[in-house]
Student: 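The structure under discussion is supplied below as structure tokens; questions concerning it will follow.
Along the sequence shown, residues are numbered consecutively beginning with 1.
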Amino acid sequence: MNNYSNIPLQASNNGADEYILNMGPQHPSTHGVLRLVLKLEGETVKDIVPDLGYVHRGLEKLFENRAYGQIIPYLDRTDYLSAMNNEWAYVMAVEKLMAIEVPQRAEFMRVIFAELNRIMSHLLWYSAYGMDVGALTPLLYAFREREEIIDMVEAACGGRLTHNYYRIGGFRQDLPKGFFDMLKKFISHFNDKVDEYEALLINNVIFMKRAQGVGVLKKETAINYGVTGPNLRASGADIDLRKQDAYGVYGRLDFKACLRDNGDTWDRCKARMAEMRESLKILKQCMDMIPEGEVMAKVPKIIKPAAGEVYTRVEGPKGEVGVYIVSDGTEKPYRIKLRQPSFSNLSVIKEITIGHKIADLVAIMGSLDVIIPEIDR
């Protein structure tokens with residue numbers, strides 16, 4: 001018999017009618033190797049505890065034994081659906097420590113790839129979420145456009161999933177010939193495709209019945225748990241680091257934070273649909289404004305920041321991606337701590353799931369858009 005004594009499930013006066021069920025760690029709707037220990041009464045969730053650590057790799061300790069430039073590829077493998085945003089948060093931290101000024105062309109390129117990455121991530125979320133709730137067709141639709149973006153990224157850096165493209169000071173190489181032709185073609189039709197995605201699934205009356213009013217996350221609860229990104233903005237909190245911090249060249253661009261009011265499962269879906277449209281606006285502006293010039297600042301061959309500490313953050317597709325670095329003045333960091341959004345976003349699942357059915361848990365879990373390697377670092 002399995003021993004669940006280490007799982008802190010709440011006691012109940014009605015224990016005779018309750019039982020324990022494992023959802024995962026091998027379960028398609030947990031979006032990775034995650035075990036959810038459920039206390040059920042019939043099909044109603046009475047308590048829930050996420051059990052993590054199945055793919056923990058000790059990355060933060062590993063960083064202490066790597067030169068600063070060698071760390072970049074590892075960032076791709078935390079959230080491999082948002083590799084560019086992870087790289088950006090890290091290189092920006094080292095650049096801040098070393099007072100490196102990044103060329104303007106590289107700054108615009110960083111925004112371009114961050115927004116392409118955002119759309120890529122949201123498209124895969126939409127694809128997987130469709131299958132979670134019983135629809136295969138959304139995957140076939142979304143991967144059609146996602147493949148276009150992947151082709152652009154591959155043309156620029158050679159990688160389709162993990163990229164290793166950013167460098168401390170800029171990029172390892174400029175954009176390839178024909179890149180903006182590919183981007184212009186994508187921009188010309190993608191808005192219409194987002195309309196298709198919404199008509200197919202998000203605005204489908206069957207899905208709306210399943211998602212509206214389910215898994216309501218109040219703004220105060222989201223803030224208390226450290227929830228960030230679309231999950232927070234769907235609860236009505238006007239917090240978007242691209243606006244608040246205006247890092248890179250975001251301060252020069254015209255776009256809006258995509259807010260919703262109810263904070264339920266449906267609103268979290270609608271927020272991501274709106275974000276893809278806003279990313280398209282940002283891409284159009286960057287394509288018009290990007291200057292010619294260098295894509296790499298003059299940096300030493302050996303990266304050796306002065307002793308000190310720094311924290312930088314970016315608005316990733318799932319929320320705030322932060323990097324804290326302590327430098328002791330050597331070629332390797334003394335300490336690196338990653339702040340990635342999925343940990344806080346998953347932590348709120350108990351607050352918004354108890355009292356719902358198991359089928360609702362699947363819909364709620366998918367709407368949070370967590371990825372497990374980001375948590376099990």
Student: Side chains of Y197 and E145: donor-acceptor distance under 3.5 Å anywhere?
Tutor: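 There is such a pair between these side chains.
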
Student: Is the shortest side-chain heavy-atom distance between E320 and E315 below 4.5 Å?
Tutor: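 Contact flag for E320/E315 side chains = no.
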
Student: One thing to verify: whether K350 and D47 come together as a salt bridge, which I'm taking to mean a side-chain N less than 4.0 angstrom from a carboxylate O.
Tutor: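 Looking at D47 and K350, the cut-off is met.
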
Student: Given 3.5 Å as the limit, does a donor-acceptor pair link the side chain of R339 with the main chain of Y324, or not?
Tutor: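 Checking the backbone N and O of Y324 against the side chain of R339, no donor-acceptor pair under 3.5 Å is found.
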
Student: Does the pair Q340 and T78 meet the rule for a side chain to side chain donor-acceptor pair (under 3.5 Å), with working shown?
Tutor: CA-CA 9 Å; Q340 295 188 291; T78 52; 3.0 Å; yes

Student: Using the ring of F143 (Phe, Tyr or Trp, six-membered ring only), decide whether R146 places NZ or CZ under 6.0 Å from its centre and within 45 degrees of its axis.
Tutor: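 Satisfied, under 6.0 Å and within 45°.
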
Student: Run the side chain to side chain donor-acceptor pair (under 3.5 Å) test on H122 and D369 for me, step by step, so that the C-alpha distance in whole Å, both residues' side-chain angles and the decisive distance to 0.1 Å come before the verdict.
Tutor: CA-CA 9 Å; H122 286 350; D369 190 23; 4.7 Å; no

Student: Roughly how far, to the nearest 0.5 Å, is the CG atom of N85 from the OG atom of S82?
Tutor: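 One finds 3.5 Å between OG of S82 and CG of N85.
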
Student: Using distance alone, with no hydrogens and no angle criterion, decide if E331 and Y68 have a side-chain donor and acceptor under 3.5 Å apart.
Tutor: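 Side chains of E331 and Y68: no pair found under 3.5 Å.
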
Student: Does atom OH of Y54 have more than 12 heavy-atom neighbours, drawn from other residues, nucleotides or ligands, at distances under 6.0 Å?
Tutor: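 It does: Y54 OH has more than 12 such atoms within range.
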
Student: L283 and I119: side-chain contact (heavy atoms from CB on, under 4.5 Å), yes or no, with the steps?
Tutor: CA-CA 11 Å; L283 289 169; I119 296 173; 4.1 Å; yes

Student: Is a side-chain N or O of Y165 found less than 3.5 angstrom from the main chain of Q173, in a donor-acceptor match?
Tutor: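 Yes, the answer is positive, given that a donor and an acceptor are paired below the 3.5 Å cut-off.
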
Student: Is it true that E87 and R110 make a salt bridge, defined as a side-chain N closer than 4.0 Å to a carboxylate O?
Tutor: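 Salt bridge: no.
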
Student: Quick one: closest heavy-atom pair of V194 and M276, and the distance?
Tutor: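 Scanning both residues completely, I find the closest heavy atoms to be CG2-CB, 4.4 Å.
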
Student: Give me the atom names and distance for the closest heavy-atom approach of P176 to A156.
Tutor: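 Looking at all heavy atoms of both residues, the closest pair is CD-CA, 3.7 Å.
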
Student: Consider only side-chain N and O atoms of R268 and N262, and report whether a donor and an acceptor are under 3.5 Å apart.
Tutor: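 Note: R268 and N262 side chains miss the donor-acceptor criterion.
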
Student: Compare every heavy atom of G263 with every heavy atom of S235, then report the nearest pair and how far apart it is.
Tutor: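 Scanning both residues, the minimum pair turns out to be OG-CA, 3.7 Å.
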
Student: CG of N86 to CG of L81: how many Å apart, nearest 0.5 Å?
Tutor: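 Nearest 0.5 Å value for the CG-CG distance: 10.0 Å.
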
Student: Is any side-chain heavy atom of Y90 closer than 4.5 Å to a side-chain heavy atom of L338?
Tutor: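 The answer is no; the side chains never approach within 4.5 Å.
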
Student: Before you tell me yes or no, could you show the steps for T44 and K357 under side chain to side chain donor-acceptor pair (under 3.5 Å), namely the whole-Å CA-CA distance, both residues' side-chain angles and the distance that decides it to 0.1 Å?
Tutor: CA-CA 4 Å; T44 302; K357 305 293 186 183; 3.0 Å; yes

Student: Where is the tightest heavy-atom contact between D240 and R242, given as atom of each residue plus distance?
Tutor: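 Smallest heavy-atom distance, with atoms named: OD2-NH2, 2.8 Å.
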
Student: How far does CE of M23 sit from CD1 of I358, to the nearest 0.5 angstrom?
Tutor: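 Spacing of CE (M23) from CD1 (I358) equals 8.5 Å.
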
Student: Aromatic ring centroids of F207 and W266 under 6.0 Å?
Tutor: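 No; W266 has its ring centre 6.0 Å or more from that of F207.
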
Student: If the test is side-chain contact (heavy atoms from CB on, under 4.5 Å), which one of T228, I371, V370 qualifies with K318?
Tutor: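 Considering T228, I371, V370, a side-chain contact (heavy atoms from CB on, under 4.5 Å) with K318 is found only for I371.
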
Student: Mind checking whether L34 and L346 have side chains closer than 4.5 Å, heavy atoms only?
Tutor: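 Result yes, sub-4.5 Å side-chain heavy-atom pair found.
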
Student: Report the C-alpha separation of E115 and Y250 in whole Å, then their side-chain angles, then the decisive distance to 0.1 Å, and conclude whether the side chain to side chain donor-acceptor pair (under 3.5 Å) test is met.
Tutor: CA-CA 11 Å; E115 295 308 315; Y250 279 115; 2.4 Å; yes

Student: Within the structure provided, determine whether P333 and V326 are in side-chain contact (heavy-atom separation under 4.5 Å).
Tutor: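 No, too far: nothing below the 4.5 Å cut-off.
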
Student: Would R144 and Y141 count as a cation-pi pair here, with the cationic atom under 6.0 angstrom from the ring centre and within 45° of the axis?
Tutor: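 Yes; both conditions hold, so R144 lies above the ring face of Y141.
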
Student: Below 4.0 angstrom, N of the basic side chain to O of the carboxylate: do R377 and E60 qualify?
Tutor: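 A salt bridge is present here (some side-chain N lies under 4.0 Å from a carboxylate O).
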
Student: Output the distance between atom OG1 (T353) and atom CG (L38), rounded to the nearest 0.5 Å.
Tutor: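 Answer rounded to 0.5 Å: 9.0 Å.
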
Student: Begin with the C-alpha distance, continue with both residues' side-chain angles, and end with the deciding distance and a verdict on ring pair (Phe, Tyr, Trp, His ring centres under 6.0 Å) for F113 and W88.
Tutor: CA-CA 10 Å; F113 284 108; W88 193 358; over 10 Å; no

Student: If two hydrophobic side chains count as joined below 4.5 Å and joins carry through other members, does M98 share a cluster with M92?
Tutor: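 Yes.
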
Student: Are M131 and M273 linked, directly or through other ILVMFWY residues, by side chains that come within less than 4.5 angstrom of each other?
Tutor: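 Unlinked, M131 and M273 end up in two clusters.
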
Student: Would you say M289 and I112 are hydrophobically clustered, going by side-chain heavy atoms of ILVMFWY under 4.5 Å?
Tutor: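 Yes, it is one cluster - the side chains of M289 and I112 are joined through contacts under 4.5 Å.
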
Student: Looking at C157 and H163, what are the two nearest heavy atoms and their distance?
Tutor: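 What the structure gives for the nearest pair is SG-CB, 3.8 Å.
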
Student: Roughly how far, to the nearest 0.5 Å, is the CD1 atom of I72 from the CZ atom of R172?
Tutor: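 If I round to the nearest 0.5 Å, the distance is 10.0 Å.
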
Student: May I ask you to say whether R105 pairs ionically with D174, meaning some side-chain N is under 4.0 Å from a carboxylate O?
Tutor: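 Here R105 pairs with D174 in a salt bridge, since their nearest N and O are under 4.0 Å apart.
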
Student: Salt-bridge test for D376 and R57: reply yes if a basic N is under 4.0 Å from a carboxylate O, no otherwise.
Tutor: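 No.
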
Student: Do the non-hydrogen side-chain atoms of D79 and V321 ever get within less than 4.5 Å of each other?
Tutor: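 Of all side-chain heavy-atom pairs linking V321 with D79, none is under 4.5 Å.
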
Student: To the nearest 0.5 Å, what is the distance between OG (S347) and CG (N224)?
Tutor: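 One finds 12.5 Å between OG of S347 and CG of N224.
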
Student: Looking at D151 and R160, is any side-chain nitrogen of the basic one under 4.0 Å from a carboxylate oxygen of the acidic one?
Tutor: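 So R160 pairs with D151 through a salt bridge.
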
Student: Tell me whether K185 forms a cation-pi arrangement with F180, defined as NZ or CZ under 6.0 Å from the six-membered ring centre and within 45 degrees of its axis.
Tutor: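 Geometry flag: not set, cation outside 6.0 Å or 45°.
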
Student: Would you check if Q244 and I239 make a side-chain contact, meaning some heavy-atom pair closer than 4.5 Å?
Tutor: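 A side-chain contact exists here, since the closest heavy-atom pair is under 4.5 Å.
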
Student: Answer yes if the side chains of H356 and E43 hold a donor-acceptor pair under 3.5 Å, and no otherwise.
Tutor: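 E43 and H356 do not have a side-chain donor-acceptor pair below 3.5 Å.
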
Student: Regarding E275 and R233, does a basic nitrogen lie under 4.0 Å from an acidic carboxylate oxygen?
Tutor: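 Here E275 pairs with R233 in a salt bridge, since their nearest N and O are under 4.0 Å apart.
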
Student: Please tell me if the side chains of V227 and P341 come closer than 4.5 Å, counting only heavy atoms from C-beta onward.
Tutor: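 Side chain of V227 against side chain of P341, heavy atoms only: no contact under 4.5 Å found.
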
Student: Can you label the angle between the W125 ring and the Y129 ring as parallel, tilted or perpendicular, going by 30° and 60°?
Tutor: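 Parallel.
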
Student: May I ask you to check whether R66 and Y74 show a side-chain donor-acceptor distance below 3.5 Å?
Tutor: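 Yes - a donor-acceptor pair under 3.5 Å links their side chains.
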
Student: Checking side-chain contact (heavy atoms from CB on, under 4.5 Å) for the pair V314/D245: CA distance, chi angles, key distance, verdict?
Tutor: CA-CA 8 Å; V314 303; D245 288 4; over 6 Å; no

Student: Search all heavy atoms of S29 against all heavy atoms of M365 and return the closest pair with its distance.
Tutor: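 The answer is O-CG, 3.5 Å.
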
Student: Let me check something: do M120 and L75 share a hydrophobic cluster, defined by ILVMFWY side-chain heavy atoms less than 4.5 Å apart, either directly or through other members?
Tutor: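 Result: yes, single cluster for both.
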
Student: Out of curiosity, does Y80 fall in the hydrophobic cluster containing I149 (side-chain heavy atoms, cut-off under 4.5 Å, transitive links)?
Tutor: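 Cluster IDs for I149 and Y80 differ.
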
Student: Measure the acute angle between the ring planes of F171 and Y166, then classify it against the limits of 30° and 60° as parallel, tilted or perpendicular.
Tutor: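 Tilted: the ring planes of F171 and Y166 meet at 30° to 60°.
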
Student: If we ignore hydrogens and angles and just use 3.5 Å, is the side chain of E107 paired with the main-chain N or O of V249 as donor and acceptor?
Tutor: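 No, E107 side chain to V249 backbone: no donor-acceptor pair under 3.5 Å.
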
Student: Working note: I352 + T265, criterion side-chain contact (heavy atoms from CB on, under 4.5 Å); need CA distance, chi angles, decisive distance, verdict.
Tutor: CA-CA 10 Å; I352 62 177; T265 294; over 6 Å; no

Student: Would you mind checking if E198 and R277 are paired as a salt bridge, meaning a charged N to carboxylate O distance below 4.0 Å?
Tutor: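 Result for this pair is yes, salt bridge flagged.
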
Student: Would you please test E351 and I354 for side-chain contact (heavy atoms from CB on, under 4.5 Å) and show each step?
Tutor: CA-CA 7 Å; E351 294 279 352; I354 290 178; over 6 Å; no

